[in-house]
Amino acid sequence: MTVFDEVAAEGHEQVLFGYDKVSGLKAIIAIHSTALGPALGGTRFFPYESEHDALVDVLRLSQGMSYKAAAAGLDLGGGKAVIIGDPREDKSERLLRAYGRIVDSLQGRYITAEDVGTTTHDLDIVRRETRWALGNSVAEGGAGDPSPITARGLFAAARAIAEFVFGNSELEGRTFAVQGVGKVGSAFVQLLIEARANVVIADAYQPTLEAAVAKFGVDTVPIDEVHTLECDFFSPCALGAVLNEETIPQLNCKAIVGSANNQLATDKDAERLHERGIVYGPDFVVNAGGLINVYDELHGYSKVRALHRVDGIYDATMRILETARDQDINPHMAAIHVAQERIRDIGDLRRFRRSGDDRN
Ligand code: NAD
């Protein structure tokens with residue numbers, strides 16, 4: 001496959017390769033779609049084994065961002081960037097500012113934010129070269145750490161799933177097995193405890209696990225058992241690809257709601273869950289709180305407005321579960337259809353020129 005074949009496969013609009021010899025910057029920015037608005041997605045700084053791996057990743061991630069924004073009903077397209085390198089060794093002010101200049105060259109067609117391997121501090125440096133970088137700290141008038149808001153969105157999704165599965169959105173007395181109690185997982189556990197749900201947790205990092213036990217007084221299970229627990233909800237809040245050919249037959253839950261990105265190893269795994277009668281809250285729908293929060297910065301951040309929009313994840317999740325039921329497809333496919341439909345229908349509005357000067 002040539003580079004253009006790969007770009008064409010999922011209909012990406014543009015891929016930009018940015019290079020700075022002095023700092024060693026090698027960045028790829030992928031814009032999947034700007035049909036609904038500017039393409040927003042974080043910058044991943046990662047030591048990819050090859051440039052091809054980096055390209056495949058950025059194409060996949062940017063497409064996921066289009067779906068996430070569209071399913072959340074935002075006026076945003078999907079994009080993502082990767083910087084090839086080890087964030088602990090290769091990061092420098094020069095590299096980040098060179099990257100900022102490349103982002104700036106797109107004049108807002110792509111807007112960046114944090115992702116794996118980049119921090120708020122890095123984004124502050126990128127922002128010295130471009131205004132098209134979000135995820136400002138609270139001190140700078142931004143939205144700050146999105147994790148508690150992501151957890152709030154998960155909680156709204158869990159209530160919608162409970163309503164759909166059990167006919168009652170109350171989470172009191174429901175059992176949750178939470179895999180990973182980092183930034184999002186622990187904030188989610190806090191909300192569950194406040195709602196009087198029963199929670200069992202697992203985490204690969206002992207100090208994080210102990211801190212959560214001390215704070216919430218919940219029980220723990222080994223990390224290789226958490227997905228097998230008998231419970232109402234399994235909640236993957238750690239890694240991707242945890243729902244796969246091997247783990248799905250071992251699940252003993254009725255539904256899944258978690259923050260991890262790309263929880264399904266393959267699209268077939270959504271069908272495997274469906275066949276087992278386990279209701280899956282599509283990851284890019286239920287974990288959109290962070291994106292919704294950062295999107296709000298574009299309009300001068302208002303926490304009240306952002307929280308209100310994040311609570312809309314209840315309706316977004318319900319709509320997708322109902323679409324899946326009505327069309328007899330799995331919720332993952334239903335979510336993709338809902339997102340694609342919005343990209344097509346609302347994106348198409350641009351054909352209507354508002355004036356002779358309208359260049360959108
Ligand atoms: P984090 O690094 O703070 O937490 C992840 C936790 O998972 C850590 O405590 C880690 O020790 C634990 N972990 C790692 N491997 C594990 C395993 N095999 N079993 C059990 N625990 C394991 O990250 P986070 O910000 O809480 O994000 C969690 C997930 O949610 C990630 O996939 C992230 O991409 C996704 N996500 C986060 C946000 C956000 O707002 N932070 C938004 C959308 C999606």
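Throughout, numbering of the chain's residues begins at 1 and tracks the sequence. First listed ligand is number 1; within each ligand, the first listed atom is number 1. What's counted below: heavy atoms across the whole structure, side chains too, no hydrogens, waters or symmetry copies.
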Inset, instruction - For side chain to side chain donor-acceptor pair (under 3.5 Å), just list the numbers for His32 and Glu10, CA-CA rounded to whole Å, side-chain angles, deciding distance to a tenth of an Å, and then say yes or no. - result: CA-CA 8 Å; His32 174 252; Glu10 298 297 342; 5.8 Å; no
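- Counting non-hydrogen atoms of neighbouring residues, nucleotides and ligands closer than 6.0 angstrom, the NE2 atom of His299 exceeds 12 such neighbours.
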Legend entry - side chain to side chain donor-acceptor pair (under 3.5 Å) assessment of Asn293 paired with Tyr301: CA-CA 8 Å; Asn293 196 44; Tyr301 184 63; 2.7 Å; yes
Pairs under 3.5 Å, nitrogen or oxygen of ligand 1 with protein nitrogen or oxygen:
unit_1, atom_1, unit_2, atom_2, d
ligand 1, 3 (O), Lys183, N, 2.9
ligand 1, 3 (O), Lys183, NZ, 3.3
ligand 1, 9 (O), Asp203, OD1, 3.3
ligand 1, 9 (O), Asp203, OD2, 2.7
ligand 1, 11 (O), Asp203, OD1, 2.6
ligand 1, 21 (N), Ala204, N, 3.3
ligand 1, 26 (O), Lys183, N, 3.1
ligand 1, 26 (O), Val184, N, 2.8
ligand 1, 30 (O), Ser259, O, 3.2
ligand 1, 30 (O), Ser259, OG, 2.9
ligand 1, 32 (O), Ala238, O, 3.1
ligand 1, 34 (O), Asn261, ND2, 3.0
ligand 1, 40 (O), Thr150, OG1, 2.7
ligand 1, 41 (N), Ser147, OG, 3.2

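- More than 12 heavy-atom neighbours from other residues, nucleotides or ligands sit within 6.0 angstrom of CD on Glu194.
- With a 6.0 Å radius and a threshold of 12 heavy atoms from other residues, nucleotides or ligands, Arg196 has its CZ atom at or below the threshold.
- Among residues two or more places apart in sequence or in another chain, the side chain to side chain contact (heavy atoms under 4.5 Å, CB included) test is passed with Tyr205 by Asp203, Pro207, Thr208.
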